Amino acid sequence: MKEWDRLITVEEMEAATERLLETGKKVGADSWQQRVKNQTPHCGFGEAGTCCRICSMGPCRITPKAPRGICGCDVHGIVGRNYLRFTAGGAAAHSDHGRAIAHTLYLAKEGGNYQVKDPEKLKRIAGEWGIETEGKDIYDLAHEVAETGLMEYGKPFGTQRFLKRAPEARQKIWEEQGIAPRAIDREVSQSLHMTHMGCSSLPEALIRQSFRTGLSDGWGGSMMGTEFSDVLFGTPKPIDTEGNLGVMEKDMVNIVVHGHDPSLSEMVVMYAQDPEMIALAKEHGAKGINVCGVCCTANEVAMRHGIPMAGNFLQQENVVLTGACEAIVVDVQCIFPALGPLSKCFHTKFITTSPIARMPDSDFIEFHEETAGENAKAIVKMAIENFDNRNQDLVFIPELKTKCTVGYSVEAIKKCLDGVTNSHVDELGTTKPLIDCVKAGVLRGAVAMVGCNNPKIRPDTYHIELMKKLLENDIIVIVSGCSAQAAAKAGLLDKEAAQYCGEGLKRVCKLVGIPPVLHMGSCVDISRMMILAADIAKDWGIDICQVPVVGCAPEWMSEKAVSIGNYVVATGIETFLGVNPYTKGSSEVEGLLQGGVQDWVGAKFVVDTDLDSLCEKMMACLEEKRAALGI
Ligand code: MSK
């Protein structure tokens with residue numbers, strides 16, 4: 001067993017949290033830790049997915065004495081419908097994020113707030129979509145691609161354009177199984193229709209639609225969110241930054257950006273670097289302005305600008321509890337409404353910016369693409385002026401800080417591989433050197449570790465402990481979302497962490513110059529993982545379900561994660577969960593998700609709440625795939 005003695009431990013992070021909660025007590029702050037206690041035990045019907053409140057005859061709860069709801073729906077129909085609604089909520093949120101980015105691309109103009117930073121990628125997407133690029137002004141092309149992308153949400157005919165990126169065998173499976181996603185809004189809308197009172201109660205139909213809706217997110221809305229963000233803000237390349245709460249600065253104006261949509265955070269980062277704003281901060285007695293991130297916004301700005309990452313989902317209250325946060329600026333998704341009352345216990349400004357995420361006790365500065373510059377400047381100014389109100393007696397910033405290298409887009413990974421093998425085939429590169437390492441057994445496979453924190457799991461433990469075990473066994477880990485943040489906080493995104501890996505992985509990291517855990521971005525960027533898996537399968541000449549790669553969301557909590565799980569499994573990647581998706585109440589639904597769907601798509605879910613057995617099952621799955629390939 002390796003020591004991993006360079007890492008920051010969960011115990012150290014917990015000790016820092018305890019110290020911060022003491023400050024919270026002094027000022028009368030509430031905390032998620034307390035609210036978990038208040039909410040425990042959770043409702044058994046809700047946990048099992050066996051409560052139906054879709055119509056007003058109920059709510060109906062299924063028990064041995066009452067095996068059917070008033071309409072006659074059995075437990076399998078109820079659990080299946082709840083699962084599909086869970087998926088639809090996630091797909092709607094992710095894909096609406098993608099739509100917002102497509103809209104920003106549509107408004108991009110020369111010299112404007114938003115410009116095209118990666119014209120090559122724009123042309124590549126245009127080429128894939130059959131849009132003429134020759135002799136076109138880059139902004140005319142951007143508008144045409146953006147409009148075509150926006151049409152993917154509501155087009156009356158056909159399936160998602162990006163499906164063509166998958167290996168042909170996979171596309172055939174999607175067609176044959178009736179899960180090739182059509183317009184994104186249509187899949188979400190149909191999911192709500194199917195689950196309306198008096199429509200579907202057949203588990204198979206509900207799970208099939210869950211897959212189709214998930215796929216419309218992963219190979220539709222999320223993929224557009226990722227690709228158009230790259231066009232607008234640049235395709236990520238490896239860049240050094242820092243992680244954990246110690247990135248907050250005692251003598252500076254701290255602005256924390258939180259949420260998902262980089263259209264906002266990019267502008268805040270830009271204005272925080274404006275000499276006029278820095279001078280203003282100095283006038284107010286600060287040494288400068290420090291922007292840092294929480295949740296997926298942290299990933300977005302870290303991988304494009306090297307902005308430090310303060311933490312993940314369950315650390316969002318901690319940044320306010322430091323007493324050194326002048327403003328926490330949010331857009332959409334994964335934002336605790338608790339930040340409103342909590343910020344009132346300190347001098348912190350809680351600034352909401354989107355009509356989609358309005359919350360009490362916040363300052364609402366509505367953010368529009370057309371006035372993005374002015375909006376961002378107003379936000380930065382508000383934070384600076386608030387420095388005067390900081391109570392230095394309450395300030396405590398834990399001395400926890402790690403080194404991280406982030407920004408491994410698919411393009412960047414291929415470039416790293418090209419650099420060591422001279423295997424360069426075209427400007428897009430190849431995954432062949434990686435495949436050779438897997439075939440030779442130097443690497444046993446890969447795990448895509450994703451998803452949130454959930455108080456049901458001791459925060460970050462599963463992410464970090466699973467990663468360590470996998471790395472010791474020569475399994476490379478790619479990460480996104482709050483799992484990436486967990487890795488960052490612990491120090492697993494540091495190239496030095498390679499020293500603790502198995503011999504094979506250690507050699508690969510040294511040769512290629514990468515950390516053993518590769519940061520691929522935010523939760524929409526799981527689409528990058530799909531593209532990588534598709535490219536590996538194509539370069540190898542096999543289908544995705546044969547590649548020794550699995551997905552894992554050990555601490556997931558959001559509807560988006562359910563949507564993601566569906567599209568990852570439907571893409572042919574076995575997916576391991578550490579939290580049950582409210583399906584325990586139905587043997588039929590569980591039987592399908594954790595077994596039957598294997599016959600449809602060549603992969604299934606594995607749910608196991610025990611850390612060690614979850615890890616063993618993942619490693620066994622990779623070995624089975626290797627054996628099936630004869631390697
Ligand atoms: S932010 S969806 S808690 S990964 Fe994307 Fe983190 Fe999960 Fe939100």
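Quick note: numbers below take in every heavy atom, side chains included, and nothing from hydrogens, waters or symmetry partners. Keep in mind the model is a prediction, meaning the values are calculated, not measured. Numbering starts at 1 and runs along the sequence shown. Order of listing sets the numbers, starting from 1, for every ligand and every atom in it.
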Trainee: The test is salt bridge (Lys or Arg N to Asp or Glu O under 4.0 Å); show your working for Lys469 and Asp612 and say whether it passes.
Mentor: CA-CA 9 Å; Lys469 280 176 201 245; Asp612 293 324; 2.7 Å; yes

Trainee: Quick one, Lys468 with Leu7, criterion side chain to side chain contact (heavy atoms under 4.5 Å, CB included). Give me CA distance, side-chain angles, the key distance, then yes/no.
Mentor: CA-CA 10 Å; Lys468 282 159 57 178; Leu7 297 194; 3.9 Å; yes

Trainee: Roughly how far, to the nearest 0.5 Å, is CD of Glu555 from CD1 of Ile464?
Mentor: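 Reported value, rounded in 0.5 Å steps: 8.0 Å.
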
Trainee: When you measure from atom 1 (S) of ligand 1 to every protein heavy atom, which one gives the shortest distance, and what is it?
Mentor: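 The protein heavy atom lying closest is His260 NE2, 3.2 Å.
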
Trainee: Test of understanding: with side chain to side chain contact (heavy atoms under 4.5 Å, CB included), list the residues that count as partners of Lys237, not counting sequence neighbours.
Mentor: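 Lys237 satisfies side chain to side chain contact (heavy atoms under 4.5 Å, CB included) with no residue once adjacent residues are dropped.
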
Trainee: What protein N/O/S atoms lie closer than 2.8 Å to atom 7 (Fe) of ligand 1?
Mentor: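 Within the sphere that stays under 2.8 Å of atom 7 (Fe) of ligand 1, the protein atoms of type N, O or S are Cys452 SG.
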
Trainee: Any sub-3.5 Å donor-acceptor pair from Thr353's side-chain atoms to Glu366's backbone N or O?
Mentor: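 Judged by distance alone, no pair lies under 3.5 Å.
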
Trainee: Salt bridge check: are Glu300 and Arg304 linked by an N-O gap of less than 4.0 Å?
Mentor: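 Yes.
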
